[in-house]
Amino acid sequence: MRWSEAFIPTLRDDPADAEAVSHKLLVRGGYMRQLMAGVYSMLPLGQRVRAKVMAIIKEEIDSIGGQEFLLPQLHPSTIWEETGRIETMADIIMSFEDSKGGTVILGPTHEEIFATVATELTSYKQLPQLWYHIQTKFRDEARPKSGLLRVREFTMKDSYTFDVDFEGLDLQFDRHLGAYKRIFDRLGMDAVAVRASSGAMGGKESVEFMVRSDVGEDEVAACSSCDYAANLETATSTLAAIEDPGGMSEPERFATPGVRTIADLEVFDGGARSDRQIKTLVYLLDGEPALVLLRGDHALQEQKLADTTQSIEVRAAHAEEINNILGADAGSLGAVAVDGERILADEQLRGRRAMTTGANANDFHLRGVDIERDIAVNEWHELRTVEAGESCPNCDGVLEVFPTIEVGHIFKLGTFYADKLGLSVLDENGTMIPIVMGSYGIGVERNMAASIEANHDEKGIVWPIEIAPYHVVITVVRPDDERSSEVSAAIYDELTAAGVEVLLDDRKERPGVKFTDAELIGIPLRITIGPRGLESGVVEFAERRSGERRDVAIANAASEVLAFLEAAHS
RNA sequence: CGGGACGUGGCGCAGCUUGGUAGCGCGCAUCGUUCGGGACGAUGAGGCCGUCGGUUCAAAUCCGACCGUCCCGACCA
């Protein structure tokens with residue numbers, strides 16, 4: 001492709017509405033343009049990269065036995081009613097009414113639709129199956145952001161597995177795990193597989209693939225010495241036990257005028273260290289109130305609360321609701337002598353004595369509280385949020401916590417869809433058994449963006465070879481110089497014939513502009529051809545990633561490019 | 001959904017407080033000089049000032065409503 005004929009609208013300035021590096025570079029580099037919030041047009045460069053990402057994904061899923069389908073984007077709402085997800089996913093589902101008055105859903109994902117096709121599976125002999133497609137998804141995200149990282153219309157590869165039992169599911173799951181690792185590796189990302197919350201969708205187990213990034217939305221706790229890594233939503237740690245002093249025979253109430261926070265009580269005369277206080281939170285779990293108790297210096301992990309109580313809607317009670325339930329305001333709450341409310345306590349409070357907590361009367365607290373004696377805890381759970389610096393639960397290493405981008409998520413769905421949609425086969429005894437499903441997603445555009453987050457410098461994008469829109473850019477310093485254009489055309493032809501994707505920068509621009517653009521759009525190798533080098537029979541190679549430059553004899557240019565590509569692939 | 005900011009040529013912005021001919025940089029077009037790291041000069045094209053309504057002799061500017069975009073939070077199989 002000649003750059004002079006290509007549509008590559010690069011921009012000198014960062015777009016005003018971009019924050020994330022990948023967003024800025026994709027727009028500045030002429031890869032895409034925004035149409036509306038969370039919806040982007042892919043320009044030629046963007047589409048080339050997108051196609052390459054899809055090709056890699058397809059290759060890896062095919063390699064573990066995947067069969068490619070193409071299921072519709074338009075779904076009848078009735079199928080979504082059968083699984084109940086029209087309710088649970090209501091906030092992101094986009095739909096419209098057709099001319100007959102029926103509701104049509106723009107597919108946010110395809111479990112229901114693949115499962116519908118799978119009703120044709122009737123015998124155990126037909127299993128296992130691994131089906132997938134690469135399709136546009138629509139999700140009305142409340143807040144699209146960061147360019148391609150969080151959008152409302154995007155492409156996803158989603159695969160689904162169908163097995164006779166959980167052993168089969170485990171095998172398919174492990175194969176996907178391997179395929180996904182290879183995919184992220186080829187996309188130039190160091191993805192960590194972490195255990196995740198499977199959410200409210202009846203999943204037994206799920207693994208997320210996370211790439212470290214400042215613009216990530218999920219936090220991961222990872223051990224610096226072993227391979228422990230988990231989404232903060234499920235992460236645990238080992239904490240040193242705290243020695244409590246001798247207790248009292250019963251709690252003692254004392255006045256604490258103006259004390260409203262854990263920190264206030266720490267410095268209050270007669271107060272207590274935060275790790276010797278009990279924090280009392282009031283939550284509504286699917287509308288039902290519950291008291292949640294934590295050590296004073298610990299933070300609640302709401303997802304753990306939701307998972308452990310099987311709740312869909314979890315939220316902190318409002319000030320008014322708190323007062324109605326406990327008769328005091330936040331800052332003076334406690335669970336001592338509370339009767340008739342569901343009380344959940346974090347494991348870290350087990351056995352603690354002589355603790356200080358609110359007295360359920362404004363401006364009063366209790367000291368000398370023995371949890372097991374004085375509080376009617378109904379359930380003990382792991383509920384707190386792990387913090388950086390704590391000890392790894394698996395070894396004696398230290399945990400670090402950092403933001404990440406979720407680039408893939410794989411689920412063991414189990415028999416949820418089989419139960420809802422009647423997926424079953426007859427086994428060898430003629431008994432009807434439910435089909436065990438798994439589902440496995442990768443967002444194509446999000447992975448493009450995540451790859452940029454992981455592969456860029458102050459000059460622009462640094463694409464991994466496999467997904468670069470072009471392998472090589474030939475920068476013709478003086479396109480009006482006859483010898484320059486002859487040599488560049490010759491090298492261009494030779495490389496193209498060898499299957500190399502080359503962008504020939506023959507624009508009538510100053511060299512600086514061309515160098516800057518080539519670096520911005522991130523082509524892995526630049527060949528600079530100008531009169532100065534040609535005089536001594538050479539062209540210049542400049543590697544984007546290392547910045548390394550070297551002169552190469554004209555005659556060797558093409559073969560050296562092939563060697564470079566070869567080396568980069570291995 | 002709560003909080004905040006912003007909407008002015010293709011891009012980035014000023015002008016609005018104090019109403020009166022719409023401006024700057026980049027980019028774009030033509031010509032000339034340049035030409036191995038974002039050149040210079042000359043000339044020129046390009047704007048329903050987000051939309052609707054109100055106030056006024058007169059609105060980019062004041063008032064109201066709406067729409068849109070971004071950021072923080074909530075949310076996110």
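In what follows, every heavy atom counts, from backbone to side chain, and hydrogens, waters and symmetry copies are set aside. In what follows, chains carry the letters A, B, and so on, assigned in the order in which the sequence lines appear, proteins first and then strands, with residues in each chain numbered from 1.
The pairing partner recorded for B:U34 is none, the criterion being a Watson-Crick or G-U wobble arrangement whose two distances lie under 3.5 angstrom. When both distances must be under 3.5 Å, the Watson-Crick or G-U wobble mate of B:G2 is B:C72. Look at B:C52: its Watson-Crick or wobble partner, with both distances under 3.5 angstrom, is B:G64. Base pairing analysis places B:G20 opposite B:C57; the two distances defining the Watson-Crick or G-U wobble pair are each below 3.5 Å. When both distances must be under 3.5 Å, the Watson-Crick or G-U wobble mate of B:U43 is B:A29.
You'll find a donor-acceptor pair under 3.5 Å spanning the side chain of A:Glu540 and the base of B:G36, going by distance alone. A donor-acceptor contact under 3.5 Å is formed by the side chain of A:Glu519 with the base of B:G37. The base of B:G37 is paired with the side chain of A:Arg549 by a donor and an acceptor separated by under 3.5 Å. Below the 3.5 angstrom threshold, one finds a donor paired with an acceptor across the side chain of A:Arg150 and the base of B:C76. For A:Arg526 against B:G37, a side-chain N or O and a base N or O form a donor-acceptor pair under 3.5 Å.
Checked against a 6.0 Å centroid threshold, the rings of A:Phe209 and A:Phe184 count as neighbours. Ring centroids of A:Phe69 and A:Trp131 are separated by less than 6.0 Å, placing the two rings close together. Between A:His133 and A:Phe114, the gap from one ring centroid to the other is short of 6.0 Å.
Look at CZ on A:Arg28: it is 14 Å from C1' on B:G27, rounded to the nearest Å. Rounded to an integer number of Å, the gap from A:Asp14 CG to B:C26 P is 18 Å. A:Leu148 has its CG atom 13 Å from the P atom of B:C70, to the nearest Å. What separates CG of A:Leu35 from C1' of B:U69 is a distance of 13 Å, to the nearest Å. For A:Gln303 and B:C76, the CD to P distance is 7 Å, given to the nearest whole Å. Taking atom NE2 of A:His23 as the reference point, atom P of B:U69 lies 12 Å away to the nearest angstrom. Protein atom CG of A:Asp13 is 17 Å distant from nucleotide atom P of B:G38, rounded to whole Å. Taking atom CD of residue A:Glu482 and atom C1' of nucleotide B:C35, one finds them 18 Å apart after rounding to whole Å.
Nearest-nucleotide positions on RNA chain B place A:Glu509 closer to the 5' end than the other of A:Glu217 and A:Glu509. Taking the nucleotide of RNA chain B with the nearest heavy atom to each of A:Gly441 and A:Glu19, the more 5' of the two is matched to A:Glu19.
Considering only the side chain of A:Val513, B:G38 comes nearest among B:C75, B:G38, B:G73. Residue A:Thr516 places its side chain closer to B:G38 than to any other of B:G73, B:A77, B:G38. Comparing B:G36, B:G37, B:G25 against the side chain of A:Pro511 picks out B:G36 as the nearest. In this structure, of B:C11, B:C76, B:G37, it is B:C76 that holds the atom nearest to the side chain of A:Glu141. Each of B:C11, B:C75, B:G36 was ranked by its minimum atom distance to the side chain of A:Leu11; first place goes to B:C11. Between B:C35, B:C72, B:C70, one nucleotide has an atom nearer to the side chain of A:Arg478 than all others, and that is B:C35. Among the nucleotides B:C13, B:A77, B:G36, the one closest to any side-chain atom of A:Ser439 is B:A77.
Within the 4.0 angstrom heavy-atom criterion, no nucleotide atom of any strand lies near A:Arg33. A:Ser146 comes within contact range of the sugar-phosphate backbone alone, with a heavy-atom separation under 4.0 Å but no base atom that close. Across all strands shown, A:Lys145 has heavy atoms under 4.0 Å from sugar-phosphate atoms exclusively, and none from any base. A:Ala142 comes within contact range of at least one nucleobase, with a heavy-atom separation under 4.0 Å.
The aromatic rings of A:Tyr440 and A:Phe173 sit tilted relative to each other, their planes meeting at an angle between 30° and 60°.
The side-chain heavy atoms of A:Ile322 and A:His318, taken from C-beta on, include no pair separated by under 4.5 Å.
A donor-acceptor distance shorter than 3.5 angstrom exists from the side chain of A:Thr161 to the backbone of A:Gly438, with no hydrogens or angles considered. Within the 3.5 Å criterion, the main-chain N or O of A:Glu543 finds no donor-acceptor partner in the side chain of A:Arg526.
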**Message:** Walk me through whether A:Arg550 and A:Glu560 qualify under salt bridge (charged side-chain N to carboxylate O under 4.0 Å, His left out).
**Reply:** CA-CA 11 Å; A:Arg550 63 198 158 93; A:Glu560 293 252 357; 2.8 Å; yes
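Nucleotides B:C24 and B:G15 are separated by 10 Å at their C1' atoms, to the nearest Å. Nucleotides B:C67 and B:G10 are separated by 25 Å at their P atoms, to the nearest Å. Between B:C76 and B:G4, the distance separating the two P atoms is 24 Å to the nearest Å. To the nearest whole angstrom, the two P atoms, one in B:C6 and one in B:C16, are 14 Å apart. Nucleotides B:C52 and B:A14, compared at atom C1', are 27 Å apart to the nearest Å. Taking atom C1' on both nucleotides, B:A45 is separated from B:C1 by 46 Å, rounded to a whole Å. Comparing B:C26 with B:G41, their P atoms are spaced 9 Å from each other, to the whole Å. With both ends at atom C1', the span from B:G20 to B:C31 equals 39 Å, rounded to whole Å.
OP1 and OP2 of B:C26 both lie 4.0 Å or more from every side-chain N or O belonging to A:Arg12. The phosphate of B:C70 (OP1 or OP2) has a side-chain N or O of A:Gln34 nearer than 4.0 angstrom.
Of the candidates A:Leu232, A:Thr404, A:Val194, A:Thr404 is the only one forming a side-chain contact (heavy atoms from CB on, under 4.5 Å) with A:Asp218.
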